[in-house]
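Starting off with a structure, shown below.
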2 protein chains.
Amino acid sequence: MVQEAMGELRGQGYKVTRSRRLVMEVLDKVDKPLSPYDIQRLLQQQGEALNHVTIYRTLDLLCRLNLAHRVLLSGGFIRCALSPQGGCHRFMVCRGCGSIREFIDDALCHEESGITRTLGFHTEHHYSESLGLCSDCYRKQLEEDSTYNRM
Amino acid sequence: MVQEAMGELRGQGYKVTRSRRLVMEVLDKVDKPLSPYDIQRLLQQQGEALNHVTIYRTLDLLCRLNLAHRVLLSGGFIRCALSPQGGCHRFMVCRGCGSIREFIDDALCHEESGITRTLGFHTEHHYSESLGLCSDCYRKQLEEDSTYNRM
DNA sequence: AACTAAATGCAACAATGTTGCATTTAGTTG
DNA sequence: CAACTAAATGCAACATTGTTGCATTTAGTT
């Protein structure tokens with residue numbers, strides 16, 4: 001994943017640097033959205049110091065090259081999991097553990113674009129977040145419910 | 001709109017204050033997402049001073065009561081246009097003029113929930129933004145294209 | 001009119017994000 | 001491999017956004 005990303009950088013004429021590799025490695029390792037300062041803190045813990053300005057600029061670049069996205073509901077960044085169709089991004093955001101998974105669905109995009117078209121809007125791409133519980137957290141919740149809420 | 005919102009406040013046991021009315025009036029008047037500080041600046045222009053802390057707290061309250069939402073793509077707040085079905089919010093965000101319109105569509109929500117369910121995710125509500133051009137900006141763009149890009 | 005919990009303002013602070021410029025470095029060339 | 005150069009980074013300084021505790025004010029009530 002990181003290697004591919006570095007290749008993409010080089011291919012687009014950007015330099016492959018320690019900062020960019022480190023930022024990409026963190027995004028790759030952690031499946032939760034991370035703010036620029038989150039990334040800085042994580043790197044610091046593993047003894048790698050990066051200036052926050054560099055992290056901001058690196059994330060800008062990674063987003064421009066579609067190697068990362070900004071996740072809005074929680075305000076952090078995650079790595080780009082799927083090659084997006086027409087710039088559409090859809091995420092499942094677990095309110096239990098904070099994990100994020102991306103998914104795509106062409107039929108859904110067509111349907112949503114169709115609905116907005118009837119409202120006079122010309123959609124170029126979608127951004128959606130489904131907030132709820134991942135399977136693990138859902139199971140945990142069920143167990144808790146059956147343990148404590150019986151009456 | 002503002003009157004209803006104030007009634008809702010009173011009904012829920014909250015006081016109807018100058019600050020709350022002013023914030024709601026601004027959100028009602030302006031159809032673009034506004035950050036807390038945007039709201040402060042707009043009020044200042046019409047000679048009404050509000051402390052930013054008050055605005056933050058007022059917006060928190062309005063969001064809790066579903067009288068406003070936070071729009072994520074641009075980071076601002078807008079008034080709540082529709083009584084949301086199961087907490088689902090969908091917006092059309094024009095990249096031309098920055099205007100925002102909310103819409104709801106039950107069928108779409110069912111479809112999206114169904115897709116995520118097959119991925120093991122239990123969706124509680126959706127948040128989506130369709131980025132593109134409103135009809136006005138789309139028309140303007142077409143005109144510009146035919147004027148300048150003919151070759 | 002007096003009362004009181006709620007709401008506001010203020011001050012101080014914390015966190016996040018931005019800009020200009022000097023220094024360093026990745027990738028290239030000889 | 002050494003020298004070169006545009007690109008990338010770090011630093012400092014600043015701007016904006018968001019938060020907290022506490023004194024003061026005010027909306028709604030008695």
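Labels below follow one simple rule: chain letters A, B, ... track the order of the sequence lines, proteins then strands, and each chain is numbered from 1.
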Nearest-angstrom distance from the residue atom CE of B:Met6 to P of D:dG28 | 11 Å
A:Ser128 side chain to B:Glu112 side chain, donor-acceptor N/O pair below 3.5 angstrom |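 Result is yes, a qualifying pair exists.
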Spacing of B:Asn51 atom CG relative to D:dT26 atom C1', expressed in whole Å =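 Taking CG of B:Asn51 and C1' of D:dT26, I get 16 Å after rounding.
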Tell me which nucleotide among D:dG28, D:dT19, C:dC10 gets nearest to the side chain of B:Tyr56.
-> D:dT19
Separation of D:dT16 atom C1' from B:Gln40 atom CD, nearest Å, is 12 Å
Sort out the partner of C:dC10 for me: Watson-Crick or G-U wobble, both distances under 3.5 Å, none otherwise.
-> D:dG21
Donor + acceptor pair across side chains of B:Gln12, B:Glu8 (<3.5 Å) =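 Yes, B:Glu8 and B:Gln12 have a side-chain donor paired with an acceptor closer than 3.5 Å.
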Any side-chain donor-acceptor pair under 3.5 Å between B:Ser19 and B:Thr58?
-> no
Among C:dA26, C:dG9, D:dA27, find the nucleotide with the atom closest to the side chain of A:Thr17.
-> C:dA26
Considering every strand shown, what is the Watson-Crick or G-U wobble mate of C:dA15 when both distances are under 3.5 Å?
->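 Pair assignment: C:dA15 / D:dT16.
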5'-most contact on DNA chain D: A:Leu61 or B:Lys15, nearest heavy atom basis?
-> A:Leu61
Taking the nucleotide of DNA chain C with the closest heavy atom to each, which residue, B:His52 or A:Val53, is nearer the 5' end?
->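 Closer to the 5' end of DNA chain C: B:His52.
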Classify the angle between the aromatic ring planes of B:Phe91 and B:His69 as parallel (below 30°), tilted (30 to 60°) or perpendicular (above 60°).
->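 Perpendicular.
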Are A:Arg70 and C:dG17 close enough that a side-chain N or O sits under 4.0 Å from OP1 or OP2?
-> yes
Just checking, is any N or O donor in the side chain of A:Glu102 or A:His89 under 3.5 Å from an acceptor N or O on the other one?
-> yes
What is the distance, rounded to the nearest whole Å, between atom CD of B:Glu48 and atom P of C:dG9?
-> 11 Å
Length of the CG-C1' vector between B:Leu22 and C:dA7, whole Å | 14 Å
Separation of D:dG18 C1' from B:Asp60 CG (nearest whole Å) = 10 Å
To the side chain of B:Arg57, which of C:dT8, C:dG27, C:dT16 is closest?
->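 In terms of side-chain proximity for B:Arg57, the closest of C:dT8, C:dG27, C:dT16 is C:dT8.
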Measure the distance from OH on B:Tyr14 to P on C:dT4 and round it to the nearest whole Å.
->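 For the pair B:Tyr14 OH and C:dT4 P, the rounded distance is 23 Å.
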Can you tell me the distance, in whole Å, between the CZ atom of A:Arg41 and the C1' atom of C:dA15?
-> 8 Å
Take B:Ala49 and A:Arg18, find for each the nucleotide of DNA chain C with the closest heavy atom, and name the residue whose nucleotide sits nearer the 5' end.
-> B:Ala49
Does D:dT26 have a Watson-Crick or wobble mate here (both distances under 3.5 Å), and if so which one?
->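 Check on D:dT26: paired to C:dA5, both distances under 3.5 Å.
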